[in-house]
Amino acid sequence: MRVGLLTGGGDVPGLNAAIRAVVKHGEGQHGHSIIGFRNGWKGVVDGYSVPLTRQLIRNVLPVGGTLLGTARFHPHADDGGIDAVLATLEAERIEALICIGGDGTLHAASKVAEAGVRIVAIPKTIDNDVWGTDQSIGFDTAVSIATEAIDRIHTTAESHNRVMIVEVMGRHAGWIAATSGIAGGAEIVLAPEQPFDIDKIERFLKHRHRAHASFSIVVVAEGAVPAEGTSMHYETQMGKFGEIVAGAIGERLKVEIEKRTGFDTRVTVLGHIQRGGTPTPTDRILGSRFGVAAIDAITRGESGVMTALRGETVEMVPLSEIAGKVKYVPDELLGVARALA
Ligand code: F6P
């Protein structure tokens, strides 16, 4: 069988492990030919393909990014996009497609599946907000990078008696903020799930610095917002594809905190560092498991499904079940971050 493969949306560490698994297991075990499409859905629309051989996937486990390239491009949002996808798949004699992506790419996958294409999806996003799976590829590496950054910020915060704000990614869900905040011992964690009250933050910081410390660390997810009716007004600034303007909430908080407390405050925006470089073993293993599960599902004839980690096992969930849903951080996890302030 000729199986197409693409990676779409923001890159994450661990994508190459998934690509490698699809190629190695697909070719070696099932005798399929794997055809890669460059730059996500854009490559399918443009007919930009590359046969994925064993040679191309050699030594890619420790390499970040995606050897196929990626793009934020959604064929269903482009005039004639779905027709162009169908034309390319026919011309390339592709019988099934594996799409690795986050919410945007998976939404596009469900639209293409509706047009009659056999599709199996694999979830990846450092935001970890894809519904239906306990974890997405890339999240573990991002948390490990963010935690290391917070550890490093600690020593300089303490030396200078400063409030240090660390802005991490997370548009709709604060998974990176909550987990790296707990692991790094942040005093305050702000996540999109629980809009914050700047007056409470002010009171907390003043009390802490009066009572027992001369520095504080605030971890804020880029999508965090103040609660309605509170004394800080702020609107999230978004780009064309729903990406949030990096540093906007961090800078705004710095101004508010400095003005209200008088404490010397600095911001570090981790940005794309969280998505770069070598994947952790956990992400390499998850990518490998999802890759093997996806090609096995394709071979069994499944379609319109996504690989999902559920407890200890990898299962398949229907794409229709995850559509339009966001996996938010549970209150319990955010509660732990608060409890250890
Ligand atoms: O892929 C998710 C994500 O990393 C978000 O956390 C972030 O808002 C966005 O991508 C950034 O997008 P871009 O790489 O297009 O600037």
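Because the structure is predicted, anything quoted here is derived from the model rather than measured. Start at 1 and go down the list; that is how both ligands and their atoms are numbered.
Remark: D199 does not engage R203 in a salt bridge, criterion side-chain N to carboxylate O under 4.0 Å. Using a cut-off of 4.0 Å between Lys/Arg side-chain N and Asp/Glu carboxylate O, E27 and R54 are scored as salt-bridged.
The distance between the ring centers of H154 and F215 falls below 6.0 angstrom.
For ligand 1, the protein residues within 4.0 angstrom (heavy atoms only) are R72, I126, D127, M169, G170, R171, E222, E243, I244, H272, R275.
Counting heavy-atom neighbours within 6.0 Å of R152 CZ, excluding the residue itself, gives a total of 12 or less.
Taking every heavy atom of both residues into account, A109 and C99 meet most closely at CB-SG, 4.1 Å.
Partners of S49 under the side chain to side chain donor-acceptor pair (under 3.5 Å) rule, at least two apart in sequence or in another chain, are E92.
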